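Step one of this worksheet: look at the structure below.
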Amino acid sequence: MMNRRTLLLAGLAMPALSRHGFAADPIRIGMTQPLTGAVAASGNYVANGAKIAVEVLNAAGGVLGRPIELVLEDNKSNPREAVAAAEKLVLRDKVPVLIGAWSSTFTLAIMPKLIEYKVPMIVETSSAARITTSGNPWVFRIAPTSEMEAVAFAELLGKFDPPIRKIDFLSVNNDFGRGAAEKFSAALGAKGIRIGRTETMTPEATDLAAQITALRQSDGDTVFLTTGVEQQTLALRQAVEQRLGKRIVTTGGSFPDQLLANPLPPGNTSYHILFYAPWFPERAPHPQIAERYTAEWNKKGWEFAGLTEGFRGYDAVLTVAVAIKLAGKPEAEAIRAALWKVKLAGVNGDISFAKEGPAGQESGQNKPNVSVVTLSEGKTGLL
Amino acid sequence: MNALFAWGFVAALAALPLVFPDPYLLAVLTSAGIFIIGAISLNLLLGYTGQLSLGHVAFFGLGAYASALATLGFDIGIGFGWRVVLAPQPVWLGFLAAIVVAGGFGWLLGRLAFRVRGAYFVIITICFAQVLRMVALNWVELTQGPMALISIPPFSLWWPGQGVVPLYRKDQNYWLVLAVAVLAFLLVRQVVRSRIGRALVALRANEPLARSVGIRVTHYLVIAAVLSAGIAGAAGSLFAHYVRIVDPDVFLFIYTVTMVIMVVTGGKGTLWGPVVGGLVFGLMPDLLRGTAPPEAQWIIYGAAMILFVMFLPRGIVPALARRLP
Amino acid sequence: MTDVLLSVEGLGVQIGGLTAIADMSFTVPAGEVVSLIGPNGAGKTTAFNVITGYMRPTRGRILFEGRPIAGLAPERIAARGLVRSFQRTSVFAGCTVFENALMALHLRGRAGLLDALLPFLRARREEAALHAEAADLLDLTGLADRAGLPAEALAYGEQRRLGIAMAAAAHPRLLLLDEPAAGLNPSETADCIALIRGLKERGMTVLLVEHDMAMVMRLSDRIVVLNQGRIIASGPPAAIRQDPEVIRAYLGAAHAAA
Amino acid sequence: MDQALQHLVNGTVLGGTYALLGIGLTLVFGVMRVVNFTHGELYAFGAYMTYAGVSLLGLNFYLSLALATLLGMALGASIEWLLLRPMRKADIDSVMLVMIGAALVLQNGEMWAWGGVAKLIPNPFPGTPLVVGPVSVMPLRLFVLVVSAALLLGFWLLLDRTRIGMAMRATFQDPETAALMGVRIGWVNTATFAIGSGLAAAAGALLGPVFMVSPTMGDLVGLKAFAIVILGGLGSLPGATIGGFALGFVEEFAGGFVSTEYRDAFGFLLIILILAVRPQGLVPAKERIG
């Protein structure tokens, strides 16, 4: 907690310092995340990942011989403020590139502004398909869509024993949750798995007894759980309480870290689809990068569990840095052109962009890696 | 003197984009302006009838959804195999739809809620906005639920020499919001200075006495609610076509609080109150950006609310009016 | 015999199981001043509230100009031409004296929403007429020089007078006055009596509830005496003064209280 | 049928905590005529204090619960003293706005102090459910239900048997008369708000370990508490208890049998219906005349 506050103060002091004459003017990168409000926890993780990436890059001499400065704006967990934050970053801070904005709705809210101001944005978390298919040539997504996640997961089906035969869904009632239910149904249905019922919950709901009791009536063997960390934890605990008795797989890349210290009773194993498993950095596609990221994070004394989400900000900043280097100048149009050419090694794996969406206005989409982590009695394992 | 000052103020605001063409300033003012229109509409209810509606954002959100849906079109089933289909309409029709739909719900809420007063009224209005939020969240076929309505076209207007053009530019949107704000202001002014306005103020001051001189309570409160809701709906429509995405969070409680505190800070029941208070609380979040950690910005915002209500309970405008004879 | 303007027939009111009015019947002839008197708790104010629509009767009928009004909303009853004044809060606080007068003239205007938004000839003419009428009203009450003051800044007696004038503003056919002289000093009471006489001369019928016996005797054409929710006597002032039951039940009690 | 039984048990467990939430809010409204928008934040405060006690200071679980409740009362008393006492003459709307401002400050203060990450509170109860026939329930939730019932009972005794309780009831009926009869209204208000806050904090302390602790946990709970007191009748103590159970059952059964999507909407729809048909709530508080 103390660390967090000092860091905020340091963040405040940084622009002041940079104004007082380093050799070269810093290159500014804009980022907007939900730092307050309903989804602030995860937004702060991502922001922290970005901060350490900037430190790592600057320690190595910056980009184009200039230091990087991260200008971070809170979008207060709502779309209107997301637009306000983006406009502030572009119009007042004159950043040539943005990173954001966590939730799909915040990202979708900002997207028309990207066209208006001609500034590219790296989308680090949002999973809605529409972000890259609506014909916005300023959008470059490193986060996987629900569909990519589902397809990648389908390849791992053979590792489950007993095998998955029929699935149900417990989804948060938003783009993320509904999208996951739809895409996993399609991807797993194609593999001959039967699809049962889908129960939904509002994002702020805490008592999920009604949903879980309803799921108990299904004869499925596996429940896919898609929601934020907090509801994941609640659902896993209440599933024990209501004797759900089914295998639970969480999607979306976040991990119910609180269950490490306060484990579920013995005999309950849950499965978690992650994009980075910080317990096993050596098993990441690029172990050195993953280990560096993990080490820097732990040096700050931040919560270990945040590593599963913080890499999104870390990778986004690395991507931007490579693009600026390729572009040779920190200008929006040049960075956009360069983003099509980037090829780099990130925490999650190789990052490069393929074209998606209507011809002539394609958005960029990266193909990320997934891994499935098991959690049993407070211990993690890799499937 | 007053009118001269007022028109001078409007002229200065209108000239602003020509003198300071800073797009960020215009963006902030446009965004604040939309909420000031909301505050002007709320003032009619809160300031002149004395009824605190903490669900005012319901009308704002209804306007936003109505306008967005009218311009995007929709195709929904209503049971028994019947479908309601609407082809995309021009934006000005969406704007009208926003006013009509919001006004209609204003009538409904007025009929229902004015049967109770005080704390009950406040809570019923909160619930009203909550129910609408739940509907927006779950009637996915119509509203796309939490996936939000996106790609909403920008406002379009007839522009001299160019025909009907979509307003992409900052200054155009700014002027549009300014024009609607001036219209809303004039509309409210006309109403409160008329026989209707007198009836509303009489009801606020002393309801039993007002009834005894023949003022029909429900009739006038419902008129106020319909007008107020209609203007809020117009603000919602501007919001939808400016931000160009509408999701159920448009019904957030904090938006109502923003409008209420704008009215109260400026001075409820004064014409200029929502404008002055709106500028204070509309610009504060953007002025605070970067000066303090995000949580502290909210704390300052909340503390400012408390201090204004405690130490300037009647608002800035009446306090100034007392200073200047 | 003059026409009957108001007739109360077999009225009964229960509040939370208590009988406020047991059985009350009386009439108010057009053009007269009728007073309703009785000791505290006799049911006078309840009767007023029921006649003017602020409370519902449990049984009985109230006819105004031959048409039933029991159960109608106060504003409907006011629109029929029956307006009351209030005992405690008689003015619109926070508004000027002139605004008070204008508000009281509500029923004299008819401008609606359209007129408010597009104030052309008709609406403007109506506003001008209402302003003139409000000025007249203040002249009548002798408050013309206070027009710009907030109503609550008036002296108590002036507030009471304004309250009466406001009740009378829309030219009701029947004016109900609830203790207009309560708390007034003798000279204010005299002003008040003059005002009520003036209203009567303008053709208004008055139903008065009042404790000040001297005032009641001077103003009334007829007096109705209530005790414990029942009428115990009614007639012209001279007869009431002599009635032994009234003396026993009411005058004695009033003297004791004073 | 088995499902219905399970819903019945879940509804009872949920209803008990809702009743606890509602009673603090309705008490404050009944006595002080204050709509307490900080109620949800005091709930969150109680949960965080329990977390601090158990996880950071390593205190005993039950001791932490009691401490959190007491600290909630202290926070409530200071809010009353700092914000409500100077506003005693102000209208109900201004007071509401001040309380909304205070809620914003409290919630973001919590986020600043604790960060946005939700926390679990360890508890000494077994993590496996008690199973009786077709029905299962967690021992922790049973404990919460029992403590809620005990708190409700204790609160009734306080109102019924103590001097301060009598003073509160007198103020509830008619503040002016109570003041004339020698009740020190200022003190009664402080005590009332402290007790109302203590009940909210206790609810948070009890439910924190059942669910999770996060800075925004008070939002939904605050809204629910409004729903409960409106259902029961604003300012009515028995009404808040009945309203709490009514909402618990409605949510549980409607969520289980009709639609989980609208689960949280049922409460609000019910309120609008109730207010349209019976504005004074199910069990109206005694009207003050005048």
Side-chain angles (χ1 to χ4, degrees), chain B residues 46 50-54 109 111-113 115-135 137-140 145 252-254 256-257 260-261 263-265 268 292-314, chain D residues 29 33-35 37 82-83 86-87 89-116 215 219-220 222-223 226-227 229-230 233-235 259-276 279-281:
Chain B
L46 172 57
Q51 301 296 319
L52 176 61
S53 154
L54 283 184
L109 182 72
R111 284 269 141 195
L112 203 73
R115 299 168 48 180
V116 292
R117 291 285 188 283
Y120 278 102
F121 180 81
V122 170
I123 296 179
I124 199 175
T125 53
I126 294 179
C127 294
F128 179 64
Q130 280 298 319
V131 168
L132 284 179
R133 180 163 173 267
M134 301 278 176
V135 171
L137 212 51
N138 292 299
W139 192 358
V140 176
L252 277 184
F253 183 58
I254 188 73
T256 303
V257 172
V260 172
I261 198 66
V263 173
V264 172
T265 305
K268 52 183 176 181
E295 300 91 341
Q297 294 176 25
W298 275 116
I299 293 176
I300 296 171
Y301 190 91
M305 250 178 96
I306 296 177
L307 294 176
F308 270 114
V309 177
M310 284 182 86
F311 295 105
L312 266 183
R314 297 184 50 204
Chain D
F29 182 82
R33 303 272 127 181
V34 167
V35 181
F37 280 92
L82 203 66
L83 299 179
M87 302 282 297
K89 295 263 181 313
D91 57 282
I92 189 166
D93 299 357
S94 305
V95 178
M96 276 192 228
L97 287 178
V98 166
M99 295 316 275
I100 292 173
L104 272 178
V105 171
L106 284 174
Q107 180 174 106
N108 287 283
E110 247 139 35
M111 187 166 280
W112 205 6
W114 301 102
D219 283 353
L220 188 67
L223 275 172
F226 281 139
V229 298
I230 284 287
L234 200 47
S259 150
T260 48
E261 296 180 352
Y262 281 94
R263 183 177 174 186
D264 289 306
F266 286 116
F268 297 111
L269 278 174
L270 196 62
I271 288 171
I272 290 198
L273 273 181
I274 290 259
L275 286 181
Q280 66 278 39

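Everything quoted here is computed from the prediction, not taken from an experiment. Only heavy atoms go into these numbers, but all of them, side chains included; no hydrogens, no water, no symmetry mates. Just so we're on the same page: letters track the sequence lines, and every chain starts at 1.
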What part of Ile92(D) gets closer than 4.5 Å to chain B, counting heavy atoms only: side chain, backbone, both or neither?
side chain
Engaged part of Leu106(D) at the chain B interface, taking heavy atoms whose separation is under 4.5 Å:
neither
Start with the C-alpha distance between Phe121(B) and Leu52(B), add both sets of side-chain angles, then the distance that settles side chain to side chain contact (heavy atoms under 4.5 Å, CB included), and finish with yes or no.
CA-CA 7 Å; Phe121(B) 180 81; Leu52(B) 176 61; 5.5 Å; no
For Phe37(D) and Phe226(D), take the angle between the two ring planes, folded into 0 to 90°, and tell me which bin it lands in: parallel under 30, tilted 30 to 60, perpendicular over 60.
perpendicular
Could you look at Ala102(D) and say if it's the side chain, the backbone, both or neither that has a heavy atom under 4.5 Å from chain B?
both
Contact origin within Met96(D) toward chain B - heavy atom pairs under 4.5 Å:
side chain
I'd like to know which of Leu83(D), Val95(D), Val35(D), Leu97(D) tops the heavy-atom pair count under 4.5 Å against chain B.
Leu97(D)
Distance col, row Asn138(B):CG vs Arg133(B):CZ, nearest 0.5 angstrom, shows 10.0 Å
Identify every side-chain donor-acceptor pair in residues 296-313 of chain B under 3.5 Å, counting partners at least two apart or on other chains, and give the distances.
residue	atom	partner	partner atom	Å
Gln297(B)	NE2	Ala292(B)	O	2.9
Trp298(B)	NE1	Thr36(A)	OG1	3.1

Could you walk me through whether Thr256(B) and Ile126(B) satisfy the side chain to side chain contact (heavy atoms under 4.5 Å, CB included) test, starting with their C-alpha distance in whole Å, then the side-chain angles of each, then the deciding distance to 0.1 Å, before giving a yes or no?
CA-CA 9 Å; Thr256(B) 303; Ile126(B) 294 179; over 6 Å; no
What part of Leu46(B) lies closer than 4.5 angstrom to a heavy atom of chain D: side chain, backbone, both or neither?
side chain
At a heavy-atom separation under 4.5 Å, does Val98(D) approach chain B through its side chain, its backbone, both, or neither?
both
Any pair counted as side chain to side chain donor-acceptor pair (under 3.5 Å), so long as it reaches residues 96-109 of chain D, sequence neighbours left out
Glu41(D)-Gln107(D), Gln107(D)-Asp219(D)
